[in-house]
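Here's the structure, in C-alpha cells; my notes come after.
Chain identifiers are assigned alphabetically (A, B, ...) following the order of the sequence lines, protein sequences preceding nucleic acid strands; residue numbering begins at 1 within each chain.
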Amino acid sequence: MYPFEAFEEEIKERLSLIVKNIKLELPPEEIADMAFPCFSLAREWKKSPEEIANEIAEKIERGEYIERIEAVKGYVNFFIDSKKLANETIKSILKMKDKFGSYESNGIKIIVEHTSANPNGPLHVGRARNPIIGDTIARILKFGGYDVTTQYYVDDMGKQVAALFWGTKNLSIESKATKPDHKYVVYYQEATKLMEKNEKVKEEIEEIIMECERGNKELLEEIKKVYQPVLEGILASLKRLNISIDEFVEESKFVIDGSVYEVIEKLASMPQAGREGKAIYLMLDEFGIHGRNKKFYLTRSNGTSLYAARDIAYHIWKGERADIMINVLGEDHKLEAKQVEIALKLLKKKVPEAIFYSFVSLPEGRMSTRRGRVVYLDDLIEEALERAMKEVEKRGMAGEKAARIANAVAMGAIRYNIIKVSPDKAIVFKWEDALNFEGESAPFIQYAHARCSSILKKAEFEEKSSYEFEHPSEIRLIKTLAKFPYFVKKSISSRNPSLIANYAFQLASHFNAFYRDCRVIGSDKQNDRLALVKATKQVIKNSLNLLGIEALEEM
RNA sequence: GGGCGCGUGGCCUAGCCAGGACAUGGCGGCAGCCUCCUAAGCUGCAAGUCGCGGGUUCGAAUCCCGCCGCGCCCGCCA
C-alpha cells in the first residue's frame, strides 16, 4: 500500500468506529490533507455540522500517519505527518521506479475499442480525438493492473470502403501524395461525387455492398487489398503519436461465420420483434426510445444484415473475450450504441461501456473530407514539427538531437491538448491552441522533467535510509508526489484520462516552485534535495508515460 | 417537432455524478524577474450576473422544473 493510501485507510478505520458510510474528500491543499464533511449527518444526529465535526474531531486519536485533527466549519480536517509521508514516499518512488503508482495485476480483462475509422482516407483532426482518448485510457488501465487489449474494428464492407474500391477499379487519378491514405482518398472522394449524380455508379457500388453482405469471400479479399494500404497509412500516423493497436477485427468476419444471422434469428423471436416483408426490426418504445427512431432495423427487406446487427454480433464475440468492454465513440454514435445495448440486454449478453467525445470543428464549420474543409492529422503533425523545430533552434540546438527533441515536443503538445479537455466538450480547432508550447501543455511538463535531469547530472546522489525536508515548497511537492497513485485510481474509476493530464501539470508546476525556492546544488541539504529531484523526475516520467508522451532529458 | 450533450472573466478550462470551506487553472493584456541548478520558467495586477427565470434547502456552479443559445442524432447508411 502506498503511503498516502495508508493515511486514508487510517482515517477510515478510525472514523468507522463512529460513523458508517464514510466519504472522504481531498480538500484544497492549503486547507488540509484529507477532510470528512459532516453535513449529511446533521439530520440524522439532529445537530449542526459544526457540532458534529467538533465531536468527531475530539474522539479521533492520532495515529501513525494522522498527525493532527481539526474541526472547521463542519469538516473534520486531517493533517498528515509530513515527515513520515516524505520519507516513505521518496523511498517508495526510488525503489519502485517505473512501477510507482501502478497496481498489481487484478486479472480483469478489458478490451478497449478505439479509432475504428473507415479505411477510406487519412484521419482528420476531428477523429484524432478518438485514438488519443483510447490509447491513454488503455495505458492507464494497464498501469492500474488490468489486462488490457486494444481493438480496431475494421469496417470492410460499408459504403465508404465500397466507394473507395469502386473508385480504384474504375477511375484513374493522378496524385502527388506518396502516403497511401492520402494517395487513395481521392478515389473515394471522386467515387462519392459520381455516386451522387450518376445512378449507374450508385447501383454498382450498392451491388458491391450487397455482395459483401452475402459473404462473398473473394470480393472481400480483393477489397482488402485496396483498403489495407490506406489502413496502414492511418496506422503510420498513429504510430507517430506513439499509438499502436493490438488487434484488428474485420466486420465481415461476423457475416462469414454466420454469427450475425444467429443473432438476428434470436432477436427475431423476441416479443419486441417486428417484420415488414423480410426486414426485421425491434420495437424499442418500451425502452424509452420514441419518435421515428423507435424501430431498430436489423435486416433489409432483401434479408441482408445491417451494420448495427453486425455490431451486435461483434459485441457478443468481444464479450466472450473480456470482462469489461470499453468503446471510444463519437457522439454521433450515441443512438446506435443505445440500440445495440438494448439488443445485448435482450440477449442477456455483456454490455459495453462507452466513452463519447464531441466533435472537433473548424472556425468556419464542421470538418468534411468531401468538401475539402478539413485539417488532416498528418498536416497537424507536420505543422507541429515545424513550430517545435523553430523553438528548439531558438535555443541553439541543431542536428539529430534537435530533431528528436522537436519531435517529442510536437507529439506531446498534440496529445496533451486533446486529452486535457473533457471528452464531452466540443472543440473548435485553432492552430495557436492546438500547438501551444507554454502554460498548460506537454512541453511545460517535459521542461520540468528536463530541469530535473539537468540537476541530477551535476551532482552525485547517495541513497540513504531516511530523508528530511522542511521547506513548504518541498513539502508541497512531496505531497503531490504521494498523491500520484490516488489519481491513477481515480482516473480509472471515473474513466477519465484528463485527471492524469491535470495531475502531471500540477506536479510540474509544484516542482517549478520548489526550483525557485530551494537551491539544490551546493546547499547543505543537497543530498536530500537530490533525492526529491530524482523522485520528482521519476513521477513526472511515469505520468507522461500514461499520457503516451516522451519524457525528455534535455530541451 | 422529439432525444442526448454542452453553456463558468476577452478566449479556453476544472469543479457538477456523491449540494457546503474564499469558483480551479491556462491563454491573451498590463507591470516586473536571467552576476544564481535550462526564462518552453517565475512573481504581481486588472478582469466573473458560474446562459436566463423559478423551485428544493440553513446553504445551489453543483439537485429539480421551465426557457434561451450551441453541438450531435432522429436512414431497410455506416
Side-chain angles (χ1 to χ4, degrees), chain A residues 21 23 25 27-28 30-32 35 37-40 42 48-49 72-75 77 118 155 157-162 209 251 276-281 288-295 297-308 310-311 330-336 338 356 358-359 361 366 388 391-392 394-395 409 413 417 420-428 430 432-433 436-448 450-459 494 498-499 502 505-506 508-509 511-513 515-523 526 529 533 554-555:
Chain A
N21 249 334
K23 265 184 189 140
E25 269 177 26
E30 58 282 3
I31 291 177
C38 303
F39 305 99
S40 56
S48 75
V72 184
K73 295 184 191 170
Y75 287 90
N77 286 339
N118 288 320
D155 179 9
M157 49 188 298
K159 208 190 265 176
Q160 262 65 290
V161 165
I209 298 169
E251 188 177 337
E276 280 167 18
K278 276 165 97 179
I280 299 166
Y281 63 85
I289 292 179
H290 303 286
R292 287 194 293 256
N293 47 15
K294 66 185 173 190
K295 278 185 189 172
Y297 284 90
L298 302 167
T299 63
R300 294 192 179 83
S301 47
N302 66 10
T304 59
S305 67
L306 258 5
Y307 171 84
R310 300 189 293 263
D311 208 12
E331 62 176 336
D332 55 334
H333 281 71
K334 275 185 181 176
L335 175 62
E336 199 251 337
K338 184 80 194 150
F356 293 104
S358 289
F359 284 112
S361 60
R366 191 176 174 172
E391 292 297 317
V392 172
K394 242 198 254 174
R395 291 163 178 80
V409 164
N417 275 284
K420 75 174 178 185
V421 313
S422 169
D424 50 21
K425 295 248 188 191
I427 295 177
V428 177
K430 292 180 194 107
E432 57 273 30
D433 293 340
N436 171 32
F437 297 157
E438 284 166 9
E440 203 176 351
S441 70
F444 178 95
I445 301 161
Q446 290 168 313
Y447 185 70
R451 271 181 158 176
C452 291
S453 289
S454 169
I455 293 172
L456 292 168
K457 264 180 241 161
K458 291 190 164 69
S494 62
S498 69
L499 261 39
N502 189 258
F505 175 69
Q506 286 302 323
S509 184
F511 173 74
N512 284 335
Y515 183 87
R516 176 193 69 218
D517 296 334
C518 303
R519 178 82 203 173
V520 178
I521 309 291
S523 108
Q526 176 170 307
R529 287 182 174 169
V533 172
E554 61 180 308
M555 59 191 285

Exercise. Apply side-chain contact (heavy atoms from CB on, under 4.5 Å) to Leu335(A) and list each qualifying residue two or more places apart in sequence or on a separate chain.
Key: Ile289(A), Asn293(A), Gln339(A)

Exercise. Would you please confirm or rule out a distance under 4.0 Å between OP1 or OP2 of G7(B) and any side-chain N or O of Lys425(A)?
Key: yes

Quiz prompt | Conformer about C1'-N of C63(B) - syn within 90° of 0, anti elsewhere | solution = anti

Practice problem: Round to a whole Å and report the spacing from CG of Asn436(A) to P of C27(B). | Solution: 7 Å

Quiz item: Yes or no on side chain to side chain donor-acceptor pair (under 3.5 Å) for Tyr307(A) and Glu251(A), after CA distance, side-chain angles and deciding distance?
Solution: CA-CA 9 Å; Tyr307(A) 171 84; Glu251(A) 188 177 337; 5.7 Å; no

Quiz prompt | Nearest-neighbour nucleotide for the Tyr297(A) side chain, C36(B), A78(B), C76(B) considered | solution = C76(B)

Quiz item: Can you check the Asp311(A) CG to C77(B) C1' distance for me, whole Å?
Solution: 14 Å

Quiz item: Taking C-beta and beyond as the side chain, do Gln526(A) and Ile521(A) meet within less than 4.5 Å on heavy atoms?
Solution: yes

Exercise. Mind checking which stems touch RNA chain B? I mean at least 3 consecutive Watson-Crick or G-U pairs, both distances under 3.5 Å.
Key: B:1-7 with B:68-74, B:10-12 with B:25-27, B:29-33 with B:41-45, B:51-55 with B:63-67

Exercise. Please state whether the base of C76(B) and the side chain of Ser301(A) form at least one donor-acceptor pair under 3.5 Å?
Key: yes

Practice problem: Could you pull out all residues at least two apart from Phe437(A) that satisfy ring pair (Phe, Tyr, Trp, His ring centres under 6.0 Å)? | Solution: none

Quiz item: Can you give one letter per nucleotide of nucleotides 17-23 of chain B, 5' to 3': B if a protein heavy atom sits under 4.0 Å from the base, S if only from the sugar-phosphate, - if neither?
Solution: ---BBB-

Practice problem: For Ser40(A), enumerate each residue passing the side-chain contact (heavy atoms from CB on, under 4.5 Å) test, keeping only those at least two apart in sequence or located in another chain. | Solution: none

Quiz item: With sequence neighbours left out, what residues match Phe505(A) under ring pair (Phe, Tyr, Trp, His ring centres under 6.0 Å)?
Solution: Phe444(A)

Using a cutoff of under 3.5 Å, can you pull out all pairs of nitrogen or oxygen atoms linking the protein to nucleotides 40-44 of chain B, with atom names and distances?
unit_1, atom_1, unit_2, atom_2, d
A40(B), OP2, Arg395(A), NE, 3.2
A40(B), OP2, Arg395(A), NH2, 2.8
A40(B), O4', Arg395(A), NH2, 2.9
A40(B), N9, Arg395(A), NH2, 3.4
A40(B), N7, Arg395(A), NE, 2.9
G41(B), OP1, Gly439(A), N, 3.2
G41(B), O3', Asn512(A), ND2, 3.1
G41(B), O2', Arg451(A), NH1, 2.9
G41(B), O2', Arg451(A), NH2, 3.3
C42(B), O3', Arg516(A), NH1, 2.6
U43(B), OP1, Arg516(A), NH1, 2.9

Self-check item: ring pair (Phe, Tyr, Trp, His ring centres under 6.0 Å) partners of Tyr515(A), counting only residues at least two apart
Solution: none

Quiz item: Sequence neighbours excluded, which residues qualify as side-chain contact (heavy atoms from CB on, under 4.5 Å) partners of Ile31(A)?
Solution: Pro28(A), Asn77(A)

Quiz item: Got a sec, which residues hit side chain to side chain donor-acceptor pair (under 3.5 Å) with Gln160(A), two or more places apart in sequence or on another chain?
Solution: none

Exercise. Apply side chain to side chain donor-acceptor pair (under 3.5 Å) to Asp332(A) and list each qualifying residue two or more places apart in sequence or on a separate chain.
Key: none

Self-check item: With Ser523(A) via side chain to side chain donor-acceptor pair (under 3.5 Å) - residues at least two apart
Solution: none

